[in-house]
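Heads up, the thing below is written out as structure tokens.
All values below come from the heavy atoms of this structure, side chains included, with hydrogens, waters and symmetry mates left out.
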Amino acid sequence: MPNTKVRLDKRVFGFSLLLTAVIVVPVAVAPERGKAALDGVLGLLTGQFGWLYLWFAAAVAAMLIWLAAGRYGRVTFGDPGDRPEFSTLSWISMIFTAGIGGGIMYWGVIEWAYYYNEPPMGMAPRSTEAAEWSAAYPMFHWGITAWALFCLPALALAYAYHVRKQRTLRLSDACRGVIGDRADGWLGGLIDVLFIFGLVGAAGTSLGLEVPIVSDAISSITPLRPGPLLDVGVIVLWTAMFGASVFLGLRKGLKRLADFNVWLAGALGAFILIAGPTVFLIDTFTNSIGLMVQNVLRMSFYTDPVGGSGFEEQWTIFYWGWWISYAPFVGLFTAKISKGRTVRGMIGAMCLAGSAGCWLAFALLGNTGLYYQIKNLVPIADLVAQQGDTAGIMATLRQLPLGDLVLGVFVLLLVVFLATTLDSAAYTMATVASKELPRDADPARWHRVFWAVVLAVVSIVLMYAGGLDTLQTLSVITAFPLIFVLGTVMLSFYRWLSTDQQVREQLSRTTSTADDSAPSNGDSPEVPASAAPVAAQSESGAPQAGT
């Protein structure tokens with residue numbers, strides 16, 4: 001990397017910290033009142049605007065299907081002849097680990113137990129029907145719709161950065177097709193502040209959720225006793241780990257962690273498939289795919305207005321909020337590493353390969369726990385309901401052959417998965433809070449490490465002030481303003497594609513007319529995909545407002 005001094009964007013940096021403090025400090029100083037205030041905001045959002053989360057997620061998924069199936073799917077991110085910077089396996093691994101992190105390991109084991117105990121759609125708890133749906137619903141929450149929310153800003157930002165040659169890589173740049181040059185002013189700054197705020201909520205939630213399982217696993221195989229001191233120690237070590245990785249940068253740190261993650265996860269998955277209840281895992285996975293495909297529309301728009309169970313508020317809206325909060329970060333990170341890829345290729349990698357990775361985790365981890373429950377080998381659902389998630393996770397893993405070894409590998413994978421996600425998050429936050437970061441430069445190292453520390457502090461405060469409920473509440477709240485930002489991103493991306501296609505067609509007609517008037521010497525030359533964006537830019541190289 002060149003030794004370019006990168007300046008701090010004091011406006012974005014300062015207001016991002018201020019907005020984060022507005023949420024975190026009251027909860028830290030007065031936990032009960034702070035939690036009550038957050039719960040009040042959550043009740044307003046889910047009670048009055050829960051439908052908005054559902055409709056927005058469905059609209060994004062529909063747009064991506066249209067893009068992948070249409071002519072815009074062939075658009076390449078970059079100039080003609082640009083080659084991808086990373087192998088396809090490393091590229092998908094980096095996207096997957098950045099977007100999913102340790103959450104798939106945590107929820108992959110025990111999410112089914114919640115649906116089994118309190119199923120949706122009026123089913124009887126712990127019935128055969130509840131068991132089948134408990135295996136299918138996690139695949140919906142971690143499937144194509146979730147990854148579509150990740151993919152939308154990735155497409156728009158990759159197009160702005162690699163095709164339209166935008167000098168910076170910020171969420172506000174993806175809105176430039178609608179807000180024009182206001183992306184460089186206070187409106188763009190506000191969008192970037194909301195991006196960082198949403199990411200703090202999502203990443204802080206991930207870290208806070210997964211610390212207890214790591215602490216309990218360590219205490220079960222070492223003389224250390226569980227408690228706040230061990231939890232804080234785990235967070236400090238975790239922060240040091242992903243802080244060191246983010247210090248090393250994109251290729252030396254992030255790529256290596258992502259590759260290691262995928263290979264280790266593959267080894268653990270293969271062991272569970274062979275040593276676990278193999279036929280049950282495959283049969284249940286097959287049945288879950290059928291249930292999900294047959295009922296995807298019902299699951300997408302299920303609000304239970306008559307029964308009032310609150311299932312969609314507690315789970316579907318929470319998950320869509322979580323994905324929306326993470327989406328701009330995953331989009332920025334994916335755009336950065338996707339030169340040379342196509343629109344259709346990115347949609348396939350994220351929505352299909354990403355979903356498949358999540359489904360395999362639920363098929364292997366979750367269905368193993370479900371097998372132990374229905375065969376009366378281990379009461380996983382009772383443990384989750386009475387003793388918490390950690391007890392259910394540890395009991396599931398320890399029931400497998402070589403249980404303690406499996407638990408150790410699982411914890412290592414959990415740590416590395418989340419370290420990769422937080423590493424990517426800190427890198428991206430520092431990128432957004434830097435002023436005019438050159439294309440081949442990284443944010444300042446102190447800046448990257450600073451945001452890693454902020455994520456750790458937020459997770460510690462929220463974890464001990466309100467626990468899981470507060471963390472989930474923060475994800476849904478921070479996602480709400482981002483719905484409108486991502487809606488602007490969607491419109492901006494469509495305008496760019498439409499405008500640039502018109503310019504390409506006009507250039508093609510002009511070229512054809514010139515060829516018709518000249519002596520024929522073969523086929524007319526192909527107009528490169530980059531011609532239209534270049535024609536639509538101003539002399540300074542930035543796209544014109546409103547294009």
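- Counting only N and O atoms by type, the side chains of D304 and S309 include a donor and acceptor under 3.5 Å apart.
- Considering only heavy atoms from C-beta on, L155 comes within 4.5 Å of V343 through its side chain.
- With sequence neighbours excluded, no residue forms a ring-ring contact (aromatic ring centres under 6.0 Å, His included) with Y302.
- From F140, atom CZ reaches atom CE of M292 across 9.0 Å, with rounding to the nearest 0.5 Å.
- Taking the side-chain contact (heavy atoms from CB on, under 4.5 Å) definition, one finds that Y371 meets it with P277, F280, K375, L377, sequence neighbours left out.
- Other residues, nucleotides and ligands place more than 12 heavy atoms under 6.0 Å from the CD atom of Q399.
- The pair D173-R176 meets the salt-bridge criterion, with a side-chain N (NZ, NE, NH1 or NH2) lying under 4.0 Å from an Asp/Glu carboxylate O.
- With sequence neighbours excluded, no residue satisfies ring-ring contact (aromatic ring centres under 6.0 Å, His included) with Y372.
- Relative ring orientation between W147 and F150 is described as perpendicular, the plane-to-plane angle rising above 60° on a 0-90° scale split at 30° and 60°.
- When side chains are defined from C-beta on, F56 counts as touching V60, because their heavy atoms get closer than 4.5 Å.
- Here the CZ-CH2 distance, from F301 to W55, works out to 4.5 Å after rounding to the nearest 0.5 Å.
- Looking at every heavy atom in both residues, L152 comes nearest to L486 through CD2-O, 3.7 Å.
- Centroid-to-centroid, the aromatic rings of Y137 and W315 stay 6.0 Å apart or farther.
- The main-chain N or O of S134 is never found under 3.5 Å from a side-chain atom of W112 such that the two would form a donor-acceptor pair.
- Under the ring-ring contact (aromatic ring centres under 6.0 Å, His included) criterion, W51 pairs with no residue at all, not counting sequence neighbours.
- A search for salt bridge (charged side-chain N to carboxylate O under 4.0 Å, His left out) contacts involving R74 returns nothing, not counting sequence neighbours.
- For F493, the ring-ring contact (aromatic ring centres under 6.0 Å, His included) criterion is met by Y159, not counting sequence neighbours.
- Checked against Y319 for a side chain to side chain donor-acceptor pair (under 3.5 Å), the options E111, Q314, H141 give a single hit: E111.
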